[in-house]
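Have a look at the structure below before the remarks.
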Amino acid sequence: MNDVTEPVSATLAERAKLALGKRNLVFIGLMGAGKSAIGRLTAQALGIPFIDSDHEIERVSRMTISELFAAYGEEEFRALEARVLKRLLRSGPRVVSTGGGAYINERSRRQIKKGGMTIWLNAELDVLWERVNKRDTRPLLKTENPKQTLENLMRARYPIYAEADLTVQSRDVKKEMIVEEVLIAIADRQKAQSHD
Ligand SMILES: Nc1ncnc2c1ncn2[C@@H]1O[C@H](COP(=O)(O)OP(=O)(O)O)[C@@H](O)[C@H]1O
Ligand SMILES: O=C(O)C1=C[C@@H](OP(=O)(O)O)[C@@H](O)[C@H](O)C1
Ligand SMILES: [Mg+2]
């Protein structure tokens with residue numbers, strides 16, 4: 001059993017890191033769920049590198065996400081996103097936070113599933129809305145009724161996000177608490193697997 005083989009002093013982060021092994025941890029979920037913020041803190045806790053795929057896309061293209069959507073459209077953005085993700089997921093362990101649409105794209109989803117352990121930050125509409133409505137950096141929400149758009153995206157995307165290996169409920173509690181739940185989910189999955 002796990003308890004016997006693990007050092008007694010192993011902290012939660014150490015147990016999670018052990019469970020992850022060489023795999024990447026990939027955050028998925030809707031805009032505002034906290035993938036970028038929680039991903040960064042989780043990587044810090046695990047002591048492994050963090051990469052946000054949107055930041056990487058902006059870095060290589062030298063354009064913002066909004067500029068990319070405006071200049072080339074969503075389809076081209078998805079193709080670039082898939083190429084960047086393929087490269088980012090090639091080696092691990094890393095924490096990779098994706099943009100909300102990445103896992104919905106078939107090509108990217110295949111790469112994500114192959115490249116790591118997936119964790120869905122699930123969240124209710126009002127939580128997401130409170131967060132995203134403060135910034136105008138998300139081109140998909142530049143509609144007449146952005147809250148309705150967000151709700152439509154929830155309906156369309158949640159069944160696909162639900163394919164994730166792990167799920168944690170994002171909500172308005174301290175970010176550190178969400179990080180702790182992420183680490184527990186990773187460590188517990190390892191425990192569950194060792195009983196299979
Ligand atoms: N648990 C939380 N409590 C309060 N604010 C949060 C929490 N998680 C994320 N946020 C904030 O919500 C906003 C959106 O988070 P972000 O990480 O950019 O989401 P995503 O990358 O999923 O779109 C950011 O301002 C972030 O600091
Ligand atoms: O949901 C989406 O399709 C998108 C989410 C954004 O990332 P966040 O989920 O980090 O906001 C960004 O990739 C782009 O605006 C498209
Ligand atoms: Mg993000």
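Positions are given from 1, in the same order as the sequence printed here. Note that ligands are numbered from 1 as they come in the structure, with each ligand's atoms numbered from 1 the same way.
The nearest pair of heavy atoms linking L121 to S170 is CB-CB, 4.4 Å. The two residues I178 and Q169 make their nearest non-hydrogen contact at CD1-O, 3.7 Å. Residues L89 and N24 approach most closely at O-ND2, 3.3 Å, considering heavy atoms.
Ring planes of W120 and Y158: perpendicular class, angle over 60° (limits at 30 and 60°).
Taking any N or O of S170, backbone or side chain, none lies under 3.5 Å from an N or O belonging to ligand 1. The shortest N/O to N/O separation between K174 and ligand 1 does not fall below 3.5 Å. Of the N or O atoms in G32, one or more lie within a sub-3.5 Å distance of an N or O in ligand 1.
Near ligand 2, heavy-atom contacts under 4.0 Å come from M31, K35, D54, I65, F77, R78, G99, G100, G101, R138, P139, L140, R157.
Numbered from 1 in the order shown, with element, the atoms of ligand 1 that lie under 4.0 Å from a heavy atom of V173 read 1 (N), 2 (C), 3 (N). Of all atoms in ligand 1, listed by their number and element, those nearer than 4.0 Å to a heavy atom of M31 are 23 (O). Atoms of ligand 1 found under 4.0 Å from any heavy atom of G34 (numbered from 1 in listed order, with element): 9 (C), 15 (O), 16 (P), 17 (O), 19 (O), 20 (P), 22 (O). Atom numbering of ligand 1 starts at 1 in the shown order; those under 4.0 Å from a heavy atom of L30 are 22 (O). Taking every heavy atom of A37 and a limit of under 4.0 angstrom, the matching atoms of ligand 1 come to 17 (O).
Comment: E74 engages R78 in a salt bridge, judged by a side-chain N to carboxylate O separation of less than 4.0 angstrom.
At a heavy-atom cutoff of 4.0 Å, ligand 1 is contacted by no atom of R135, backbone or side chain. Only the side chain of R131 comes within 4.0 Å of ligand 1, counting heavy atoms alone; its backbone N, CA, C and O stay farther away. The proximity of E176 to ligand 1, defined as any non-hydrogen pair under 4.0 Å, does not occur for either the backbone or the side chain.
Around the Mg ion (ligand 3), protein N, O or S atoms at a distance under 2.8 Å total 1; waters are neither shown nor counted.
Residue contacts with ligand 1 do not include M177, since none of its heavy atoms lies under 4.0 Å from the ligand.
Checked by atom type, the side-chain pair N122/T167 shows no donor-acceptor distance below 3.5 Å.
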